[in-house]
2 protein chains.
Amino acid sequence: MRIGDLAARAGVSVRSVRYYEEQGLLVSVRSPSGQRHYTEQEVERVTFIQRLYTAGLSSRTIAELLPCVDTPSLENSDAAMDRMSEERDRLSAHIDDLIRTRDALDHLMSVASAHRTTLTAK
Amino acid sequence: MRIGDLAARAGVSVRSVRYYEEQGLLVSVRSPSGQRHYTEQEVERVTFIQRLYTAGLSSRTIAELLPCVDTPSLENSDAAMDRMSEERDRLSAHIDDLIRTRDALDHLMSVASAHRTTLTAK
DNA sequence: CTAAAACCTGACATTGACGTCAGAGGCAAG
DNA sequence: CTTGCCTCTGACGTCAATGTCAGGTTTTAG
């Protein structure tokens, strides 16, 4: 699979795929002419990378976590596990914050809606 | 209250407060010498603005929502309510996405942990 | 009164994940 | 063989919230 296909199937831009490789999040097999080739596996990997980006992780952080995905066993885990746990907690805190924000919006909307009801009732 | 106090109490930088005003999210009463003065009310407002920023809203979007907070009644509501509902939905979707990402991290961690248990058991 | 601390405006710098463009080469179909 | 699409590298552009600095005024503490 070439880069265009991978990008399309993962739902990202070709530019992004190259960027991921530049950041050490992805490796590619090069054809003699220098073109990148990928396997089915990489589709899932790219979507997972995107998922982490969307969760607010930086390239550097993702780079620290991915070895834990690649090699779900060895001793590299030590620091990576801590990092993973740390990011999990940060994510949880962020989720809670977002939920509070959503509640605030809901409250605003209900107040506005009540006002409207009052007005139309008059 | 002057800008430094407001910033400190809302937990943001002085620069940010000026930026919020520049973006039309905040108004200030100016002393004859040109210094900004605020009331207690603005503390809450700034923290709320920050909350929306953290939730991923842009200055422009926040500017569209705040009138709904200031005037929780009149006819401006129409478009603002739609916008608010739209952002609420976007927020909900994002929260769900983050929860799925957290689940993925949890899964990775449990797999790694299981591997570790297996190894130490040997 | 004076020095420190806080404020003002205006402008340029930063960061990160990309977009976009240029110039050159690769590859399948007709 | 050539036309059109894909890919390559490298570099510069972007956007948004904020940092930071300069040069000057104002307020506050002693």
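Reminder, nothing fancy here: chain letters follow the sequence lines and each chain counts from 1.
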Verify the distance criterion only: is there a donor paired with an acceptor across the side chains of A:Glu44 and A:Thr47 at less than 3.5 Å? no
Rounded to whole Å, please give me the gap between CZ in A:Arg18 and P in C:dG19. 11 Å
Return the value, rounded to whole Å, for the distance between atom CG of A:Leu26 and atom P of C:dA17. 15 Å
Could you state the atom-to-atom distance from CZ of B:Arg51 to C1' of D:dA17 in whole Å? 19 Å
Gap between atoms CG and P, on A:Asp5 and D:dC5 respectively (whole Å): 16 Å
Atom pair distance, as rounded to whole Å: OH in A:Tyr38 and C1' in D:dT7: 11 Å
Taking B:Ser85 for the side chain and B:Met81 for the main chain, is one N or O donor matched with an acceptor at less than 3.5 Å? no
Compare side-chain N and O positions of B:Tyr19 against OP1 and OP2 of D:dA17 and report whether any pair is under 4.0 Å apart. yes
Side chains of B:Gln35 and B:Arg2: any donor to acceptor distance under 3.5 Å? yes
Tell me which of A:Gln23 and A:Ser31 sits closer to the 5' end of DNA chain C, going by the nucleotide each one is nearest to. A:Gln23
If only side-chain N and O atoms of B:Arg36 are considered, is one of them under 4.0 Å from the OP1 or OP2 phosphate oxygen of C:dT9? yes
Of B:Arg15 and B:Gly4, whose nearest nucleotide on DNA chain C comes first from the 5' end? B:Gly4
Provide, to the nearest angstrom, the distance between the NE2 atom belonging to A:His37 and the C1' atom belonging to D:dC6. 11 Å
Are the charged groups of A:Asp103 and B:Arg88 less than 4.0 angstrom apart, N to O? no
What is the distance, rounded to the nearest whole Å, between atom CD of B:Glu22 and atom C1' of D:dA17? 11 Å
Using only side-chain N and O atoms of A:Ser59, determine if any of them is under 4.0 Å from OP1 or OP2 of C:dG16. no
Does the side chain of A:Gln35 get closer than 4.0 angstrom to OP1 or OP2 of C:dA28 through an N or O atom? no
Length of the CZ-P vector between A:Arg2 and C:dG25, whole Å: 18 Å
Residue mapping more 5' on DNA chain D - nearest nucleotide basis, B:Ser33 or B:Ser58: B:Ser58
Taking atom types as modelled, find out whether B:Glu42 and B:Tyr20 have a side-chain donor-acceptor pair closer than 3.5 angstrom. no
Identify whether any heavy atom of B:Arg30 sits under 4.0 Å from a base atom; if not, whether one sits that close to sugar-phosphate; answer base, sugar-phosphate or nothing. sugar-phosphate
Compare side-chain N and O positions of A:Tyr20 against OP1 and OP2 of C:dA17 and report whether any pair is under 4.0 Å apart. no
